Amino acid sequence: MKKTLTGICLCICVLSLKAQKNFEYDRQAMFRFGGKAGVNINKIDGKAFSDEFSYNFMLGGFLQFNLNRRWGIQPEVNFCQSAFEATDDISDIYDDLVEGGSQKKQKLNYLKIPILVNLNVGPSQRVKLQLGPQWGQLLSSTKNASSFFEKSDFSMLGGLWLQLPFVNLGGRYEIGLSNLNHVNKPDNWGSQAFTVFVGVTF
């Protein structure tokens with residue numbers, strides 16, 4: 001009888017410690033934050049632009065609110081650089097933009113703020129499907145290119161996020177919902193981009 005009671009007490013202690021550990025883990029995992037850096041592979045669609053993707057960089061930080069084991073919300077602030085190259089058959093206003101049709105790539109610097117919904121895939125909670133809207137603000141450009149583009153725009157994001165205990169990595173696809181053309185409205189300038197990144201989570 002004494003051995004039985006001892007065994008029961010040991011089982012209760014083990015289960016209590018395990019439950020406490022899981023509770024502490026869940027409580028800590030409810031809120032996390034971190035930073036990331038990566039490559040922004042973008043393209044601007046329109047008659048005035050080359051139909052090619054450009055490789056640029058991005059830097060950002062995020063807050064992660066895990067509302068339960070299945071889903072959460074992740075707001076971010078990212079600095080992204082985009083690039084474009086004009087084609088040969090453009091109007092004078094576009095020729096002025098690239099100094100007489102030299103077709104040099106111009107840089108656009110954006111501040112982008114996405115609000116993403118995280119959906120956990122599988123029991124590990126390490127793989128997250130991400131989807132949400134994004135607002136972008138044009139900060140600066142090379143050769144005064146920003147005067148030809150709208151100052152703000154909206155887009156939608158979708159991608160996958162792998163969150164290890166300290167390191168995070170992932171990839172996303174971005175599709176623009178706004179016409180970026182500030183000078184010739186009939187010519188619609190759309191945007192799309194792929195982002196691949198790696199970062200740290202605290």
Side-chain angles (χ1 to χ4, degrees), residues 12-43 53-83 107-142 146 151-178 191-202:
I12 292 174
C13 290
V14 170
L15 291 174
S16 299
L17 289 174
K18 186 176 180 180
Q20 182 179 2
K21 183 178 179 181
N22 290 336
F23 175 76
E24 289 177 354
Y25 172 78
D26 289 342
R27 183 175 59 184
Q28 292 172 0
M30 288 178 64
F31 171 74
R32 307 187 76 176
F33 66 95
K36 54 193 176 71
V39 180
N40 183 41
I41 310 168
N42 81 284
K43 181 175 74 169
F53 282 93
S54 299
Y55 294 83
N56 305 279
F57 70 92
M58 62 83 61
L59 296 170
F62 64 89
L63 301 175
Q64 194 176 85
F65 301 93
N66 297 310
L67 303 179
N68 54 46
R69 288 184 172 270
R70 294 299 303 165
W71 70 284
I73 297 175
Q74 182 166 311
E76 298 183 357
V77 177
N78 299 316
F79 176 82
C80 298
Q81 187 174 80
S82 300
K107 302 291 185 179
L108 300 169
N109 299 316
Y110 281 92
L111 181 68
K112 296 191 175 184
I113 303 177
I115 305 294
L116 301 171
V117 173
N118 290 338
L119 298 175
N120 293 324
V121 179
S124 69
Q125 298 181 277
R126 299 298 186 192
V127 181
K128 301 177 185 294
L129 179 65
Q130 297 185 311
L131 183 67
Q134 175 178 262
W135 173 78
Q137 176 67 38
L138 180 59
L139 300 177
S140 62
S141 67
T142 57
S146 58
K151 302 303 180 185
S152 62
D153 66 272
F154 288 92
S155 55
M156 287 293 296
L157 298 181
L160 284 175
W161 174 288
L162 177 60
Q163 190 165 53
L164 302 176
F166 180 67
V167 176
N168 65 75
L169 62 150
R172 295 174 186 165
Y173 174 69
E174 171 188 330
I175 182 70
L177 304 178
S178 304
S191 65
Q192 55 180 313
F194 296 92
T195 304
V196 180
F197 57 85
V198 62
V200 294
T201 306
F202 301 99

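These numbers come from a predicted model, not from an experiment.
- Judged purely by atom type and a 3.5 angstrom limit, N66 has no side-chain atom pairing as donor or acceptor with the backbone of R69.
- In terms of the ring-ring contact (aromatic ring centres under 6.0 Å, His included) criterion, Y110 has no residue partners (sequence neighbours excluded).
- Under the 3.5 Å distance criterion, the side-chain polar atoms of N68 are matched with a main-chain donor or acceptor of R70.
- Between the side chains of S82 and N56, no donor N or O sits under 3.5 Å from an acceptor N or O.
- By the salt bridge (Lys or Arg N to Asp or Glu O under 4.0 Å) test, K36 pairs with E76, sequence neighbours left out.
- Atom CG of L169 sits about 7.5 Å away from atom CZ of F197, to the nearest 0.5 Å.
- Separating the OG atom in S191 from the CD1 atom in I175 is a distance of 6.5 Å, to the nearest 0.5 Å.
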Applying side-chain contact (heavy atoms from CB on, under 4.5 Å), run through W135 and I115 and close with a yes or a no. CA-CA 9 Å; W135 173 78; I115 305 294; over 6 Å; no
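- Side chain of T201 to backbone of G34: no donor-acceptor contact under 3.5 angstrom is found.
- The backbone N or O of A83 lies less than 3.5 Å from a partner atom in the side chain of N42, making a donor-acceptor pair.
- Applying the salt bridge (Lys or Arg N to Asp or Glu O under 4.0 Å) criterion to K112, with sequence neighbours excluded, gives E174.
- Of the inter-residue distances, the one linking L59 atom CG with N78 atom CG reads 9.0 Å to the nearest 0.5 angstrom.
- For the atom pair L164 CG and R126 CZ, the distance stands at 7.0 Å (nearest 0.5 Å).
- Between Y173 and F194, the angle of the ring planes lies from 30° to 60°, which puts this pair in the tilted group.
- Remark: the backbone N or O of R172 is not paired with any side-chain donor or acceptor of T195 at under 3.5 angstrom.
- With hydrogens and angles disregarded, no donor-acceptor distance shorter than 3.5 Å links the side chain of N118 to the backbone of G72.
- More than 12 heavy atoms of other residues, nucleotides or ligands shown are found within 6.0 angstrom of CZ on F53.
- Between the side chain of S141 and the backbone N or O of S146 there is at least one donor-acceptor pair closer than 3.5 Å.
- In this pair, F62 and W161 present their aromatic rings perpendicular. The plane angle is above 60°, beyond the 30 to 60° band.
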Could you check I41 against V39 for side-chain contact (heavy atoms from CB on, under 4.5 Å), going step by step and ending with a plain yes or no? CA-CA 6 Å; I41 310 168; V39 180; 3.8 Å; yes
